[in-house]
Amino acid sequence: MLIGLGSLAAFVLVVGIVVSQLPGWHVVQDTFFNIDEFVSSFPQLISAFWLNIRIFIVAEVFILIVGIVVALARTLQAPIWLPIRVVATIYTDVFRGVPTILVILLLGFGIPALDLQGVPNSEVLWGTVALVLSYGAYVAEVFRAGLASVHPSQRMASRSLGLSSWQTNRHILLPQAVRNVVPPLLNDFISLQKDTALVSILGPIEILRRAQIDTSMSFNYTPYVAAAVIFIALTIPMTRFADWLQARTQKQRRAAATV
Amino acid sequence: METRLRVDDVWKSWDGVPVLRGIDLSVASHQVVALIGASGSGKSTLLRCVNGLVSVDAGSIWLDESLDVTHERTNLDDVRRRVGIVFQSFNLFPHMSVLDNVTLGPRKVLHRSRDLAREAALTLLDRFGLADKANGYPDQLSGGQQQRVAIVRALAMEPELMLFDEITSALDPMLVGEVLDSVAELKATGMTIVMATHEMSFAREVADRVCFLSAGQILEQGTAEQVLTDPQERLTRDFLARFLR
């Protein structure tokens with residue numbers, strides 16, 4: 001432990017000295033790591049970040065719903081469900097294949113341009129819908145893998161008790177599938193948290209747009225760095241939590257396997 | 001005696017390979033029928049046809065002479081709530097407690113209240129010596145205990161017919177006895193049972209009738225005494241000789 005810390009401290013010191021001796025360092029420092037700029041832009045960035053968080057939370061709820069519904073739709077076997085299965089498959093294929101930013105542009109500028117009566121044209125709304133569609137396709141695949149990881153004998157046992165296909169999904173397969181996919185799901189949500197910044201391309205003043213405005217006024221890039229720090233402050237705890245959860249799941253599996 | 005189960009000229013192939021080739025079988029209520037035969041002779045497939053887990057290619061299967069399992073308009077959930085099945089590999093639901101495993105069917109399929117289902121489950125668990133395991137989880141139980149929970153789970157649906165698919169084959173030899181005792185106890189209550197088994201001495205003890213399956217056909221059947229001690233067919237003799245050696 002002590003050796004590790006000592007070695008880490010020495011490493012940081014050496015890197016710090018080397019970087020600060022570089023000829024262009026003071027220009028870099030002034031442009032990217034300007035304390036005054038950092039402090040002055042920070043409060044506005046934080047309040048703009050609140051929009052990112054709202055987009056994230058709302059999108060996350062709908063992504064989970066879309067993911068589960070599409071994953072279940074793709075497991076339907078009976079011939080009568082073929083249309084639903086085809087639609088679900090096309091959905092995942094298309095939205096996993098198209099870059100998220102493209103979906104945001106298409107929906108965010110495209111739908112308001114239709115000028116449909118009764119259809120809202122809020123950029124935040126359509127940006128969020130685009131995120132839901134894009135991430136829903138990924139999360140559907142995660143759930144599908146989770147459902148496939150539950151042994152078929154579980155379905156057989158459940159149906160043998162007289163439970164319907166739907167009851168079997170609801171009480172037997174999904175609970176076990178969800179347990180298996182929590183770590184990869186958290187990964188997708190960490191990624192979603194960052195991608196809320198993509199909505200900035202439509203114009204709403206979320207954290208990235210705010211930082212952009214600040215930098216364009218002062219010609220100083222410190223607000224970008226400040227925005228990055230704010231994102232990291234949120235993603236790192238989530239990443240550590242995901243790691244911890246994954247380690248715990250693995251430990252439980254190992255324990256169960258040795259019994 | 002009324003006929004609980006009648007299997008009438010049932011045929012089944014998997015990918016062109018015949019597994020059942022014209023099975024006829026009739027089981028009266030309160031009767032215990034043992035299916036014996038080598039692995040792959042069709043015992044498991046036959047049991048799974050009876051509760052509709054496997055669809056037949058031809059033939060029909062009647063419950064109580066009134067419900068045709070193989071008819072395409074038959075609701076298989078109706079069949080399955082009347083026919084209990086226990087598998088070789090237990091297949092308990094690992095994310096549920098023992099009590100939840102047992103009460104799930106009565107609550108969701110028979111629409112019993114939670115309290116009523118719980119009370120009935122505890123009585124059954126107690127009868128099979130599992131009262132202290134009600135709040136445990138499947139991975140905390142021994143194989144024998146898990147299999148007894150699986151039997152209780154099926155019984156909680158109050159089936160009129162029980163199917164046992166080699167329920168002791170995955171068990172440590174030490175644990176086979178407790179599971180077989182449960183089956184014997186079930187016979188004593190008058191349950192109608194069809195069981196695929198490799199436990200010949202147990203079959204002789206509890207079965208009213210033994211059927212020897214070979215290559216998808218019932219080659220020989222009769223009382224346990226007849227089939228197991230005085231088999232008429234050469235294949236039956238060969239099979240038993242390999243088993244009893």
Side-chain angles (χ1 to χ4, degrees), chain A residues 64 68 71-72 75-82 142-185 245-246 248-259, chain B residues 44 47-48 50-54 75-96 100-112 117 137-143 145-147 149-150 152-159 161-165 170:
Chain A
L64 282 174
I68 289 179
L72 286 177
T75 65
L76 294 172
Q77 293 293 331
I80 192 162
W81 300 115
L82 182 68
V142 170
F143 275 122
R144 198 158 72 100
L147 285 168
S149 73
V150 180
H151 199 271
S153 61
Q154 288 284 307
R155 169 180 288 278
M156 192 171 69
S158 172
R159 297 306 302 273
S160 295
L161 282 174
L163 271 75
S164 67
S165 182
W166 159 249
Q167 287 174 319
T168 298
N169 277 326
R170 160 81 182 72
H171 298 288
I172 306 302
L173 301 182
L174 267 181
Q176 295 185 61
V178 167
R179 248 160 256 221
N180 292 345
V181 300
V182 165
L185 270 187
L245 211 63
Q246 196 145 24
R248 201 189 63 160
T249 316
Q250 266 169 9
K251 218 167 86 186
Q252 279 173 347
R253 291 226 178 106
R254 268 201 301 275
T258 53
V259 166
Chain B
S44 278
L47 292 180
R48 281 158 205 225
V50 170
N51 83 338
L53 279 179
V54 171
N75 182 351
L76 290 175
D77 292 339
D78 289 339
V79 172
R80 291 171 187 148
R81 74 183 66 176
R82 292 165 61 174
V83 179
I85 187 166
V86 181
F87 302 97
Q88 181 176 335
S89 51
F90 328 143
N91 301 345
L92 295 181
F93 307 129
H95 60 301
M96 293 181 179
D100 288 343
N101 264 278
V102 176
T103 55
L104 182 72
R107 281 175 51 210
K108 300 299 169 192
V109 180
L110 305 179
H111 306 292
R112 301 267 161 82
Y137 280 79
D139 62 2
Q140 299 164 333
L141 305 181
S142 73
Q145 289 166 339
Q146 289 191 51
Q147 194 59 297
V149 172
V152 168
R153 180 174 69 178
L155 282 180
M157 293 293 292
E158 295 165 12
L161 170 67
M162 282 286 276
L163 309 174
F164 292 131
D165 188 5

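Here is the naming used below: chain letters follow the sequence lines, and residue numbers restart at 1 for every chain.
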* Asked: B:L92 versus chain A, heavy atoms under 4.5 Å apart: side chain, backbone, both or neither?
  -> backbone
* To do: State, yes or no, whether a side-chain contact exists between A:Q154 and B:P94 at a heavy-atom distance under 4.5 Å.
  => yes
* Side chain, backbone, both or neither of B:R153 within contact of chain A (heavy atoms, under 4.5 Å) -> both
* Are any of the side-chain heavy atoms of B:R48 and A:M156 separated by less than 4.5 Å? -> yes
* Asked: Among A:S160, A:S164, A:S153, which has the most heavy-atom pairs under 4.5 Å with chain B?
  -> A:S160
* Structure fact -> Shortest non-hydrogen pair, A:H171 vs B:H95, comes out as O-NE2, 2.9 Å
* Asked: Does any non-hydrogen side-chain atom of B:M96 lie less than 4.5 Å from one of A:I172?
  -> yes
* Asked: If every non-hydrogen atom of B:D77 is compared with every non-hydrogen atom of A:L163, which pair is closest and at what distance?
  -> OD1-O, 3.8 Å
* Atom group of B:F93 that falls short of 4.5 Å from chain A, counting heavy atoms -> both
* Residue part contacting chain A, namely of B:V83, when any heavy atom lies under 4.5 Å -> backbone
* Between B:I85, B:L53, B:L163, B:N75, which has the largest tally of heavy atom pairs under 4.5 Å with chain A? -> B:L53
